[in-house]
Amino acid sequence: MLDLRLIREQPDLVREALRKLNTEAPIDEILTLDERRRQLVAEVERLKAQRNAESKRIGQMPPGPEREAAIAAMRALGERIEELDRELAAVEERLQALLLEVPNLPDPDVPVGPDESGNVIVRHWGEPRTFDFPVKPHWELAEELGLIDFERGVKIAGSRFYVLRGDLARLQRALIAWMVDLHVNEHGYLEVYPPFLVRREAMIGTGNLPKFGDNLYHDEETDLWLIPTAEVPVTNLFRDEILPPGSLPIYLVAATPCFRKEKVSAGRDVRGIKRVHQFEKVEMVKFVEPEHSDEELQRLVADAEDVLRRLELPYRVVQMCTGDLSFTAAKKFDLEVWAPGSQEWLEVSSCSNFRDFQARRANIRFRPSEGARPQYVHTLNGSGLALPRTLIAIMENYQQPDGSIEIPAVLRPYMGGQERIGPQPAYWEPAQARRAREQALAGDG
RNA sequence: GGAGAGGUGGCCGAGUGGUCGAAGGCAGCCGUCUUGAAAACGGCAGGGCGAUGGGCCCCGGGGGCUCGAAUCCCUCCCUCUCCGCCA
């Protein structure tokens, strides 16, 4: 949410910023409502002051006709106040609803562009691997090695659902554990395990509602919403709180499933697990003092990059231009990893500075020093990383001539020392093998 | 899910429809005293809005009755106790 004062005092600056975002917002109606609201507040407060004083006086009067007359006179005033209060409430409700639909303003140094074509590649890291055999996309590798059961995923839950099998399911688990450990041990984050279902207010706090409800799964009966990212519950940890002096910065990391309807992109990226309704993600969230959010964003990007470097996956850092910024971000960098099989750059991380936009919505403040007035914090978050696309990148970059997949060195300790992923057993094989073992033992004894 | 009890300032805890933004205690800050500290004594001390013009709003959230609500009514949320169920 933008500062209403900013819209009031510098409407042209706001209009210009919205134009850069290639979007529109009802600034004129907001200004009109704000003007009316302030008139009403002044009037109603004046009348209430009058009522308070008079009521106090009535309280001290002895019973009698004089007192009755005073009460009768106040009844009329009360009705007038109620009338004005009703109008004020209506104006404020409308104003609030409009404000919740105005996007954040881009930082002045964000490149201006109409859409993703205006994004700027900031830097590259690593050389794309060369292969002396035909490279395969991950869905072929997965099919051949039995790593993903697409058909049964669809049978259970519908399109864009999948089942990871055997060593790939384990690799995902290893990646999550390793990534969280990395952020905790090397980058200074505290691990948290939040709810995956949240109230409406939490979704409003992070900016997912009211505008983007059509991408969220929702339970009508309880009015709970499935999180599309850990950003939602983790950012809302401190909703309606004033953090005491000295408590910032706060760095949190959480591994959670994410649920997205992805209705907007029906038909796109249907092969493999690039775009799915349910996926795991390790998410970093920061609460910082406003003066430090610029440098904190750079460090956040570096923390996410560190994951890819240690996995030895070539990637590039892309800065979003104004036309491709999300609703809530003032500045955003994506990390895109090269997938040689799919022949495309995959977005595995998105790191944003929201400045006070979310803090204002969620009412998250801090006290700079003892006795000082509370201020809004700045919030930031970044993926570190999203799992399906990281799995894709590993499968495609680490594929071998024989069709197997090498396990990145840093993950081997999390895979019991295993170095390679080969063909996976059928669903029934492990149990049959165990039964055979047991029968052999029984026969020996 | 059923029955009951509650939600008051950083914490604990009073509070009869008017003199209550709220006693008292603890913690906190400043001062006096002291070589210093403790103790004692004195003082300060919640959040928000706002055209800084007084003022207005906030006793879990919202609504209502009333001239007037922390106090009465409705509703939602939350906590606790007992029963049931459950990993």
Side-chain angles (χ1 to χ4, degrees), chain A residues 1-11 30-100 193-205 209-210 218-225 233 236-248 257 356 359-377:
Chain A
M1 192 157 64
L2 297 184
D3 187 355
L4 184 54
R5 214 166 324 182
L6 178 72
I7 300 177
R8 179 159 66 227
E9 289 166 10
Q10 303 188 59
I30 287 173
L31 288 170
T32 306
L33 287 168
D34 175 49
E35 181 64 29
R36 181 68 186 140
R37 186 188 71 90
R38 291 192 297 153
Q39 285 171 359
L40 286 167
V41 165
E43 174 70 0
V44 88
E45 284 190 359
R46 190 177 63 76
L47 295 177
K48 280 181 180 173
Q50 198 179 326
R51 181 178 68 182
N52 287 346
E54 186 63 8
S55 289
K56 192 168 276 189
R57 204 174 66 82
I58 290 172
Q60 290 161 346
M61 288 168 79
E66 202 177 320
R67 189 172 191 272
E68 292 309 312
I71 287 175
M74 289 311 289
R75 192 166 291 135
L77 181 64
E79 279 162 16
R80 177 67 182 147
I81 287 173
E82 192 178 346
E83 195 180 311
L84 290 174
D85 259 342
R86 240 180 259 285
E87 187 184 350
L88 180 60
V91 166
E92 282 186 331
E93 191 183 339
R94 175 77 182 142
L95 181 59
Q96 193 64 15
L98 291 179
L99 282 173
L100 285 176
Y193 172 86
F196 303 158
L197 289 146
V198 301
R199 291 179 192 283
R200 176 181 296 272
E201 292 87 336
M203 285 294 183
I204 291 172
L209 287 177
H218 176 224
D219 176 50
E220 296 279 349
E221 188 190 347
T222 56
D223 197 26
L224 287 172
W225 302 69
N236 277 283
L237 267 176
F238 304 116
R239 183 159 57 87
D240 289 327
E241 287 191 38
I242 298 171
L243 298 162
S247 50
L248 298 179
D356 63 3
R360 218 175 265 287
R361 288 176 158 252
N363 193 27
I364 307 168
R365 292 169 295 171
F366 74 105
R367 205 180 292 282
S369 59
E370 213 58 62
R373 280 174 67 110
Q375 276 184 41
Y376 290 112
V377 302

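What you are looking at is a predicted structure, and each value in this text was computed from that prediction instead of being measured. Proteins come first, then strands; the chains are lettered A, B, ... in the order of their sequence lines, and each starts at number 1.
As rounded to whole Å, 10 Å separates atom P of B:rG50 from atom CD of A:Glu9. One interatomic measurement links the two molecules: CD of A:Gln50 to C1' of B:rG68, which rounds to 14 Å at whole-angstrom precision. Residue A:Leu224 contributes atom CG, which lies 11 Å from atom P of B:rC77 at whole-angstrom precision.
Across B:rG68, B:rG55, B:rG48, the shortest atom-to-atom separation from the side chain of A:Ala49 is found for B:rG55. Here the nucleotide nearest the side chain of A:Lys56, chosen from B:rA51, B:rU19, B:rG47, is B:rU19. Distances were taken from every side-chain heavy atom of A:Ala42 (C-beta onward) to each of B:rG55, B:rG50, B:rA51; the shortest belongs to B:rA51. Closest contact between the side chain of A:Arg75 and the listed nucleotides B:rC49, B:rC67, B:rA51 involves B:rC67. Taking every side-chain heavy atom of A:Lys48 into account, B:rC57 is the closest of B:rC57, B:rG50, B:rA51. Nearest to the side-chain atoms of A:Arg86 among the listed nucleotides B:rA51, B:rG64, B:rC49 stands B:rG64.
A sub-4.0 Å separation between OP1 or OP2 of B:rG48 and a side-chain N or O of A:Arg365 is present. OP1 or OP2 of B:rC56 has at least one side-chain nitrogen or oxygen of A:Asn52 nearer than 4.0 Å. Neither OP1 nor OP2 of B:rG18 sits under 4.0 Å from any side-chain N or O of A:Arg57. Using a 4.0 Å cut-off, some side-chain N or O of A:Arg199 falls inside it from OP1 or OP2 of B:rC78. Proximity of A:Arg51 to the phosphate of B:rC67: no side-chain N or O atom is located under 4.0 Å from OP1 or OP2.
Applying the Watson-Crick and G-U wobble criteria (two distances, each under 3.5 Å), B:rG53 pairs with nothing in any strand. Nucleotide B:rC72 is matched to B:rG64 when pairs are restricted to Watson-Crick or G-U wobble geometry with both distances under 3.5 angstrom. If you check B:rA40 for Watson-Crick or wobble pairing at under 3.5 angstrom, you find it paired to B:rU32. Under the Watson-Crick and G-U wobble criteria, each requiring two contacts below 3.5 Å, nucleotide B:rU81 is paired to B:rA3. With a cut-off of 3.5 Å on both pairing distances, B:rA45 has no Watson-Crick or G-U wobble partner at all.
For the residue pair A:Pro210 and A:Leu100, the shortest heavy atom distance occurs at CD-CB, 3.9 Å. Between A:Val41 and A:Leu88 the shortest heavy-atom distance is CG2-CD1, 3.8 Å. Heavy atoms only, all atoms of each residue included: A:Ala70 and A:Glu54 are closest at CB-OE2, 4.1 Å.
Taking atom C1' on both nucleotides, B:rG2 is separated from B:rC57 by 40 Å, rounded to a whole Å.
Ion pair A:Arg75/A:Glu79 not flagged as a salt bridge, since none of the NZ, NE, NH1 or NH2 atoms sits closer than 4.0 Å to an Asp/Glu carboxylate oxygen. Of the charged side-chain nitrogens involved, at least one lies within less than 4.0 Å of a carboxylate oxygen, so that A:Arg80 and A:Glu83 count as a salt-bridged pair.
When heavy atoms are screened at a 4.0 angstrom cut-off, A:Pro374 is found touching the sugar-phosphate backbone but no base atom.
The number of heavy atoms from other shown groups lying within 6.0 Å of CD (A:Glu93) does not exceed 12.
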